[in-house]
Amino acid sequence: MIVVTKHTASEQEISNLVEELKSAYPVEIQKITGSGCTVLGFIGDTSSIDMTQIENDIRVERVMRVTEPFKKANRHFHPDNSIFEIGGRKIGGKDIAIIAGPCSVESEEQIVGIAESVKASGATFLRGGAYKPRSSPYAFQGLEEDGLELLKIAREKTGLPIVSEIMDVRTIEKFIDDVDIIQVGARNMQNFSLLKELGRTRKPVLLKRGLSSTIEEWIMAAEYIMAGGNEQVIFCERGIRTFESYTRNTLDLSAICAIKKLSHLPIIVDPSHATGLKFMVEPMCMAAIAAGADGLIIEVHNNPAKALCDGAQSITPEAFGKVVNKMRKYAAVEERQISEVN
Ligand code: PEP
Ligand code: MN
């Protein structure tokens, strides 16, 4: 349930109202001051609350039942877009974040070299897998802790904040210390114990869509993180499983519009895992911007043919530079911009 206060109600009147409602009902109340109105979001069992009684209050504009199961992630609770500032870069609002880097960190030379070239082309964050969720236990599993150390060296040299995937709740402290954005991969989207632990942290989380997850299941995964008090969740559409086998997955561009309608949280797109094919990366980046995405996460490798993981979908630093230049033009059409570094 949400209560929208009258725009004439003063700060003091709204605070008093919150206190009165809290003592009258056994619910948590989240107060969001947006542009033009204040919204009080009720979290908890609201079934027995008499809406008309609240509606008749002089300080109240209107009361609405929120039928969706997600509350903190719900746009009704927070009508303005959430904008997060991470390492001096914004994600959300007018800014389009560009996260680029290899699927996996392979060596110091590789990650530093790629970081330097994607930064020169306009990337705003560096990605790199240290713990890899591979389908085969015999495939390269990532450099693990050493991979995180190499990412830190690349950050030190370039200033790019780093994004890396967590696989196990036991490594959470290390990720809090080492990375700027913790990625939850598609395969862990419904790892509820991991989501709960991430909810206790105050680190931004990049939440990839599960392989076969509905939009509601995905938003509920974000709600798990937010319920613990961590509000900084960024969705990432990375393609879903369909009957189609030409592409690795099917990029659901409509998910961007759905998330924008249902939630205030930013959403970015991963055209690399969504298609699995490097020639599709560029057009899908433009399509994502046209559909309203808040950023892209793109796999870039200095030598895709020799990549230890996901070479077929990785583009070269040169190709990446061209994609960024084109994205700048598409962003301008949408009255947006590739994030500038503060
Ligand atoms: C990745 O980003 O390297 C990755 C494994 O992605 P996903 O979880 O979307 O498959
Ligand atoms: Mn990959």
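Note that this is a predicted model, so its numbers are computed, not measured. Atoms within each ligand, like the ligands themselves, are counted from 1 in listed order.
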For Glu165, the ligand 1 atoms whose distance to one of its heavy atoms is below 4.0 Å | 4 (C), 5 (C)

Do NZ/NE/NH1/NH2 and the carboxylate oxygens of Glu11 and Lys31 come within less than 4.0 Å?
-> yes

Looking at Arg127 and Glu299, does any basic side-chain N land under 4.0 Å from a carboxylate oxygen?
-> yes

Of all the atoms in ligand 1, which lie at a distance below 4.0 Å from a heavy atom belonging to Lys132?
-> 1 (C), 3 (O)

Would you say Ala186 and ligand 1 have an N/O pair spaced under 3.5 Å apart?
-> yes

Parallel, tilted or perpendicular: rings of His78 and His264 (30°, 60°) | parallel

Aromatic plane relationship, Phe42 with Tyr25 - under 30° parallel, 30 to 60° tilted, over 60° perpendicular = tilted

Counting each atom of ligand 1 from 1 as listed, which ones have a heavy atom of Arg127 under 4.0 Å away?
-> 1 (C), 2 (O), 3 (O)

Excluding sequence neighbours, so at least two apart, what forms side-chain hydrogen bond (donor to acceptor under 3.5 Å, both in side chains) with Thr247?
-> none

Mark up the atoms of ligand 1 that fall under 4.0 Å of a heavy atom belonging to Lys208, in ascending order.
-> 1 (C), 2 (O), 4 (C), 6 (O), 7 (P), 8 (O), 9 (O)

Rounding to 0.5 Å, atoms CE (Met226) and CE (Met220) come to a distance of 12.0 Å

Residue among Lys208, Arg209, Arg248 satisfying salt bridge (Lys or Arg N to Asp or Glu O under 4.0 Å) with Asp270 | Lys208

Which atoms of ligand 1 are found less than 4.0 Å from any heavy atom of Gly185?
-> 8 (O)

Partners of Phe140 by ring-ring contact (aromatic ring centres under 6.0 Å, His included), sequence neighbours excluded?
-> none

Considering residues at least two apart in sequence or located in another chain, which fulfil the salt bridge (charged side-chain N to carboxylate O under 4.0 Å, His left out) criterion with Arg59?
-> Glu20, Asp57

Side chains of Ser193 and Asn191, donor plus acceptor under 3.5 Å = yes

Short list, please: which atoms of ligand 1 are under 4.0 Å from a heavy atom of Arg238?
-> 7 (P), 9 (O), 10 (O)

Sorted by chain and number, protein N/O/S atoms nearer to the Mn ion (ligand 2) than 2.8 Å are Cys103 SG, His273 NE2, Glu299 OE2, Asp310 OD2

Quick one: which ligand 1 atoms are inside 4.0 Å of a heavy atom on Arg187?
-> 7 (P), 8 (O), 10 (O)

One finds that the ligand 1 atoms under 4.0 Å from a non-hydrogen atom of Glu299 are 3 (O)

